Structure formats: structure tokens, C-alpha cells
Number of protein chains: 2
Amino acid sequence: MTATGDWIDNLPDVGGELERSSTAERVADLLRGHIIDGVLAPGARLSEERIGKKFRVSRNTLREAFRLLGHERLLVHEFNRGVFVAKPDAADVVDLFRVRRTVELGAVRAGGDAPPEAVAAIGAAVEQGERARERGDWEGIGTANMAFHRAVGGLVGSPRIDEMMRQILAELRLVFHVMAAPREFYEPYLDRNRAIYELMAAGAFDTAAEELAGYFDIAERQLLDAFTGLARRD
Amino acid sequence: MTATGDWIDNLPDVGGELERSSTAERVADLLRGHIIDGVLAPGARLSEERIGKKFRVSRNTLREAFRLLGHERLLVHEFNRGVFVAKPDAADVVDLFRVRRTVELGAVRAGGDAPPEAVAAIGAAVEQGERARERGDWEGIGTANMAFHRAVGGLVGSPRIDEMMRQILAELRLVFHVMAAPREFYEPYLDRNRAIYELMAAGAFDTAAEELAGYFDIAERQLLDAFTGLARRD
DNA sequence: ACCACTTTGATTGTTGAACAATACTTCAAT
DNA sequence: ATTGAAGTATTGTTCAACAATCAAAGTGGT
């Protein structure tokens, strides 16, 4: 054991993994989770005093967390009135799908340059969804579908794109909470996802993009119909 | 004038135009401007106490502003050490161009669906740049080039994409400050911008996209070379 | 000169209280 | 029903305090 002495150099880089985080960030993470899971309904008002008491943090720290989530469009800040859980409307759905068409279709079309692992990650998401279907786990199917699209964005291999996708998909979760989408919503898309993945695995990225575009058209139409249904009831 | 009574319904929506803004947002705007203009050099540390004194705002308010700009990647927040003006490196340049290829090329390829005004805005940016060249106004050429690419992103017609482009281009300004780019950097691209615009005006969006892709390749290469030059001097 | 260790000083992280400014509610008056 | 005028609750912002952490200067032994 006289040792080469440089075993320490072979340790994996930890990057920012063990970065201590501020209270504001932890609070933001918590709130984000609650919003995505629907614990905090869209449109709900977040009282600084009550949430501060609940989480045992000061108002100042809480406000920092609010700024973070406001920038992610999960909260809307109305001056002198407070912060509310965002409540996306039909226009937001249209916009979200414009973004998705731009980013995801671009990612797929340039998929030929992506490393094999990136494509494999998409396949993993497909299988994750299929396993969830076998269990009858509708929640799991939805999660797997999100993972599928996050993996599609991952084809670009860009941290910034990854971050954008995370945000966009989080907003999309909010859309579902607004219109109380049926839990089976994603089920029909499982087979389509597999088809898209198979095309990519075979190197037919352009065809895959066309398939994906078709999915966007149908899904957007379906969501918008649900929204106009809601509008009529107001 | 017994009146129909519902003229008020015909009033244009004011949207958020007369939204009052918080101090934190105004401070963030100020700092953002200083960062983009290079008044605050990349890597510079922003002391809470000194900046707070300078702007006459409390530390708490200042920290809210810092959170905003941190989320825009213009500031980096190191726990217990402070906030610094972001200092993009070569990896950031690569990533920024990945994003630009995804977003801008996607925008151009789908340009056929964009309204004529959106295309016209691109032409306006081209002419703005050419006028700046006639004046020998290098600063103006750079600004016009930014406007050009912002207008390209505008083809999508999505507020979220517009916001992304604003952020990406702001980061790109930081890249220029890091490597002290020559003021004539953008000049050679003026003619290429016009060519790309003419193609789009003629409806040849796919060809325009190919041209734009060529621009990205050259510009990225040029920036990366400048960076490796810097690295050698360290 | 060089290494480990402590001490000191400065800065950030977070809290709690305070006050002004604004919004919401209630209720009276027309 | 609409308007106006309190009164109350909430947000916007500041300030002061203290703990936690980092950076730098010293300290001593070799």
C-alpha cells in the first residue's frame, strides 16, 4: 500500500452536487413540488404570513422564493395584491405548444448529432410508460410522458434547453390542473411515443419529427377544446 | 348622445401597461443594463452593502433583485460568498449556440406561418444595421445585429420565445465583454443578414435557414478561437 | 522559507419588528 | 343599486440584530 498516491484524482467530479443551498431555494423547491402536484390549486393566493408561519421562514426569505417561482411562471406576482399560483388560459396553451414545436421539433430534426445515450434515454421513458400502463398506473403514465418529452429536449445536449423544457413541462402540468384533465389523457399517446422512438432509433429523425408534429396538433386541439368547454361554463 | 352605453367595452385592453413595478424589479432593470453595457465587468463581485448604499435600497430588496438576475444567468450566486457578474466560458458559448440553432433555425423554418409584420421587422433590423454602418457607428451595428436575431425569434409569435431570445442575447453580450471583442466584429455579417432577410421575404424559408446555419458555424468558430486564445494567456 | 493552526475581520444568511402604502371590507347615506 | 367614507388586513420596504461562513493576517514550530 505504498500507493500511487493519485487515487484522489480518480474520484468522480462532484460538480455542484453537494452545494449547500439557501433557505429560499429549498422553500422554492417545496412550493414548486406542491404546485406541480396540484396541492396548491391554480389561482390560489399565497399569503406571506401564513406560508411563512407554515414553513418557519421569515417573510423576506419567502419573498426571495416567490421571485424564483415567479420567474418560472409558476407564480404570478400582482403588485400590492400578492402572489398567486399561475392559472394558464387558452392563450398560454397556444403559446406553450408554439414553444414545444420550436424546441422539440428542432431537437428531433437535429437528433442525428446526438449521442446514442440521449436516444436511449427516450426509449427508457417509453418503456417506463408501458410498464405503468401494465400496472394501470395513470399517474405513472403521465410522469413517463413528461420524461419522454424531457428526453426529447435532451437530444440537443444543452443545459439551457434542459432547463427550458423543465419549465415548459411544469407549466403544462398546471394546465392539466386548471382543466382537471382525465387521468387517462396520456394513455392514447403511449403507442405514438413508441413509434416516434423507434423511428429515431432507426435514424429516421425527420420522419420522427413529422410524427411528433402530428402529436402536437392533436394534443393541442384536445386541450383547447377542453378550455372552450370551461369558458362556456363561466 | 343618449348613448348605446357599451362604448366602454370597445376600449382597448390596457393589459399590464400601467403596472406599477416593485423596487426590486427596477433595481434588477438597472443592474441588467449595467451588466449588458459592460459597466459591471464579468466576474465582478456585487457587494450587498455597497450596491445597497449606492441605490438606496435595503439589503433585502437588493437580494430579491439578485434572485431575478441570477435566474437570467447574468449573475451567479455562490453561497456564503456573494453574487458575481457571470463570466461565460467556452462551454457556455457552445451551449448558447446550441440553443440558438434550435430556436432560431426552428423559427425560420416555420417562418411561412408567421405574419408579414414579423418578417418586416427583420427587414427593419437589417436596414437599421446598414444605416449604422454608413455612420461608422460600430456600437449601432452590434445593437442592430441583436435586433435582427430578436426579430428572427419573433417569427414564432410567442412571448415565451421572445423572452428566451432576450435572455440568450443578453448572455451573448456578456461573452463579448469577457473576450473584449473588437467593435467591428459584427460588420462582416451585415450583408449576410440582408441575404437571409431577402430569402425570407421571398418565401424561401428553408434556404434562409441554411444560410443562418452557416452564420452560426462561422460566428461560433470565431468566438471559440478567441476564447482559446484567452485560455493560453492564463 | 514552509507548513499547520488560530485569530481576527468582513460579508453573507436569516430573522423579527416596524412603518408606510395599498387593497379589501363594511356600512352608512343618498 | 351606487357612491363615499371609515376601518382592517396585507403587501412593500427598511432597519437592526445575530449566527454562520469565508478570507486574510498572524503565530509558532521546523
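Naming convention: chains lettered A, B, ... in sequence-line order (proteins, then strands); numbering from 1 in each chain. The structure displayed is predicted, hence computed values, not measured ones.
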Separation of atom CZ in A:Arg26 from atom P in C:dT14, rounded to whole Å: 7 Å
In this structure, how many angstroms lie between the C1' atom of D:dT13 and the CD atom of B:Glu25, rounded? 14 Å
Quick check: B:Tyr186 with B:Phe176 (ring centres under 6.0 Å apart)? yes
Charged N-O contact under 4.0 Å between A:Asp217 and A:Arg221: no
Send over the distance from A:Arg63 CZ to D:dT10 C1', rounded to a whole Å. 11 Å
Output the rounded distance in Å from CZ (A:Arg67) to P (D:dG12). 8 Å
Can you check whether B:Thr61 has a side-chain N or O nearer than 4.0 Å to OP1 or OP2 of D:dT14? yes
Of the listed nucleotides C:dT14, D:dT13, C:dT11, the one nearest the side chain of B:Arg45: C:dT11
The salt bridge (charged side-chain N to carboxylate O under 4.0 Å, His left out) partner of B:Glu72 among B:Arg32, B:Arg67, B:Arg166 is B:Arg32
C:dT14 P sits how many Å from B:Leu62 CG, rounded? 16 Å
With a distance cut-off below 6.0 Å to the six-membered ring centre and an angular limit of 45° from the axis, does B:Arg100 pair with B:Phe97 as a cation-pi contact? yes
Choose from C:dT15, C:dG13, D:dG12 the nucleotide whose nearest atom is closest to any side-chain atom of A:His77. D:dG12
Sugar-phosphate only, base, or nothing, as touched by B:Arg56 at under 4.0 Å among non-hydrogen atoms: sugar-phosphate
Starting from C1' on D:dA9, measure out to CD on A:Glu48 and report it in whole angstrom. 13 Å
Looking at B:Asp92 and B:Lys87, is any side-chain nitrogen of the basic one under 4.0 Å from a carboxylate oxygen of the acidic one? no
What is the separation between atom CZ on A:Phe55 and atom C1' on C:dG16, rounded to the nearest whole Å? 20 Å
Before accepting this row, confirm whether a basic side-chain N of the pair B:Glu220/B:Arg101 lies closer than 4.0 Å to the acidic partner's carboxylate O. yes
Rounded to the nearest angstrom, tell me the gap between atom CD in B:Glu64 and atom P in D:dT11. 13 Å
Under 3.5 Å, N/O pairs linking protein and nucleotides 16-22 of chain D:
from: D:dC22; atom 1: OP1; to: A:Arg20; atom 2: NH1; distance (Å): 3.0
from: D:dC22; atom 1: OP1; to: A:Arg20; atom 2: NH2; distance (Å): 2.9

Centroid separation A:His149 to A:Tyr189 less than 6.0 Å: no
Where the side chain of B:Thr23 is defined as all heavy atoms beyond and including C-beta, which of D:dT11, D:dT13, C:dT11 is the nearest nucleotide? D:dT13
